[in-house]
2 protein chains.
Amino acid sequence: MSETVYPLAGNTPQRKGLRDSVYELILNMLMTSDIAPGTRLSIDVIARDLKVSPTPVREALVQLERTGLVTREALKGYRVAPPIHSGQLEALFDARLVLECGATELAAGHAADVVPELDATLEKQRELGEKVRRAFAAGGPAPVDLLREYFAVDWQFHHLIFEGTRNPFLLDMSEDISIRVHRMRQTVNAGVTDAPDAVIEHGLILDALRNGDGDAAAAAMRDHIEKVRERARQDTAAR
Amino acid sequence: MSETVYPLAGNTPQRKGLRDSVYELILNMLMTSDIAPGTRLSIDVIARDLKVSPTPVREALVQLERTGLVTREALKGYRVAPPIHSGQLEALFDARLVLECGATELAAGHAADVVPELDATLEKQRELGEKVRRAFAAGGPAPVDLLREYFAVDWQFHHLIFEGTRNPFLLDMSEDISIRVHRMRQTVNAGVTDAPDAVIEHGLILDALRNGDGDAAAAAMRDHIEKVRERARQDTAAR
DNA sequence: AAAACATGTTTCCTATAGGATATTGGAAGA
DNA sequence: TCTTCCAATATCCTATAGGAAACATGTTTT
């Protein structure tokens, strides 16, 4: 009975339960590949594909439903949530303005802690932005992986500011916003060529934080988000 | 192709399945009765109590976990989340300041739509506040149901402002905050005797909105929340 | 020919069962 | 007396099965 052989470094990613594994798998699938909105996410089909029973899949979908990536209709199943259309896009930027400007002001209270991290992140963003610029200058296909990495670092700057507030509630909300922003980038392919602009604007925010000027930092953040909004508008108009 | 058949007024309240029923039952249980934090929420026990199978209970708990009311440890089960202690209480008010002041400013853009509803709600709050005052003046035990009703109307004022933004993202976040505020009221028993103050402060916000002055409304909201924070501080200090 | 009905299939939803893991209690030893 | 070990129980986690609703298809009727 006691077959308790200690697996040692035997990687057991199921150590955290199948539910979380399935959750991350579906989340990655939704984030990376472009799946048409409205696509049915059949529980049984996913369970068969992943060689697991429907129960963990069901729980993972409940968790995903709360994020807004999938929608559920009682007795009809789950579907991929509709994309963000222009009206909601404006609302998303309004929400970001409210949240991030306030967060920036609060983060200024812990400027000494957050500035170094922001500095390192901005430097990474600068390097990656340069790589992206070169890749586009060289022509060829869009460097998907590189862009994904750049976007991740770009968002990490904003995320660090939320962490800098030392406020768990705002941090939770930033998670909600994060997923929606990523989803927006799938539909509005903005931010491809605006890397230099974003780096400069992030630099202005960082400078204000370095001076401990919360109001100026919040104003710089407002300016940044408004400019991103404008670039997104132009992108949707050109599409 | 054109399969957009609008079935009814879209209102199908009895079509929600067991999962949502269980969710609402547990939510109400956590909201109303005072349950000690850390209490184990056994899936099987709940299932037996509610005469259902563990599966819907499990899904309801996954949903509750996302709200922060319960915590989960893999292979160890669910527990009632710890209460809000003083440090987090300050953070909660900071988050409210960020969210609600921004929301108030945005709601001012739709003042014509929201002012009537706010007016009616404030009137209800005034009446209930008076009832509460009389009940306390008469002595006797705390009128639990009456207080619950008063708090509901009090929060409805704030909720209507979130709705007034016409911003689904901010509205979602307000739901998250709402649960935490209710939970705070369980621990910090503030707001019992401050009904007149709250009515006056809400009135100031409403006046500013009636004038269409977004900045003044946001300032009034900031003033209100700061005063609530101060009253909560005094309450925790006196306890 | 178009609409309405009936039937079969798929899928969701709930219930039950079994394996794996954590917790609890007591006994043996230092 | 305290610590350590071990066994028994309770609970969680996953898998499987059956009933109910929704979807799709083919037939009948106007």
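Just so it is clear, the values below take in all heavy atoms, side chains as well, and ignore hydrogens, waters and symmetry mates. Remember, predicted model here, so these are calculated numbers, not experimental data.
Computed from coordinates, the A:Asp44 CG to D:dA20 C1' distance equals 14 Å when rounded to whole Å. Atom P of nucleotide C:dT14 and atom CG of A:Leu75 are separated by 8 Å, given to the nearest angstrom. Taking atom CD of residue B:Glu73 and atom P of nucleotide C:dT21, one finds them 16 Å apart after rounding to whole Å. At whole-Å resolution of the value, CZ in A:Arg79 and C1' in C:dC12 are 13 Å apart. One can place CZ of A:Arg19 at 15 Å from P of D:dA15, the figure rounded to the nearest angstrom. The nearest whole Å value for the distance from the CG atom in B:Asp20 to the P atom in C:dC12 is 16 Å. The separation between B:Ile43 atom CD1 and D:dA10 atom P is 17 Å, rounded to whole Å. Rounded to whole Å, atom P of C:dC13 lies 13 Å from atom CD1 of A:Ile46.
Nucleic acid contact class of B:Ser42 (heavy atoms, under 4.0 Å, all strands): sugar-phosphate only. Among the heavy atoms of the strands lying under 4.0 Å from B:Leu41 are primed sugar atoms or P, OP1, OP2 only; no base atom is included. B:Arg40 comes within 4.0 angstrom of the backbone, heavy atoms only, and of no base.
The existence of a salt bridge linking B:Arg185 and B:Asp154 is confirmed by a sub-4.0 Å separation between a basic side-chain nitrogen and an acidic carboxylate oxygen.
Map A:Lys51 and B:Lys76 each onto its nearest nucleotide of DNA chain D; the residue landing nearer the 5' end is B:Lys76.
Considering only heavy atoms from C-beta on, B:Ser86 stays 4.5 Å or farther from B:Glu90 through its side chain. Contact annotation: the side chain of A:Leu92 never approaches that of A:Arg183 to less than 4.5 Å [non-hydrogen atoms, C-beta and beyond]. Counting only heavy atoms from C-beta outward, the side chains of A:Leu171 and A:His159 approach each other to under 4.5 Å.
With C:dT11, D:dC13, D:dT16 as the candidates, the nucleotide lying closest to the side chain of A:Arg48 is C:dT11. In the set D:dC13, C:dC13, D:dT16, D:dC13 carries the atom at the smallest distance from any side-chain atom of B:Arg58. For B:Val45, the side-chain atoms get nearest to D:dT11 when compared with the rest of C:dC12, C:dT16, D:dT11. Considering only side-chain atoms of B:Leu18, the nucleotide from C:dA15, D:dC12, C:dT11 that sits closest is C:dA15.
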- Please lay out, stage by stage, how B:Thr67 and B:Gln63 fare under the test side-chain contact (heavy atoms from CB on, under 4.5 Å). CA-CA 7 Å; B:Thr67 68; B:Gln63 207 171 349; 6.0 Å; no
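Here A:Ser53 does not reach the OP1 or OP2 of D:dT14: none of its side-chain N or O atoms lies under 4.0 Å away.
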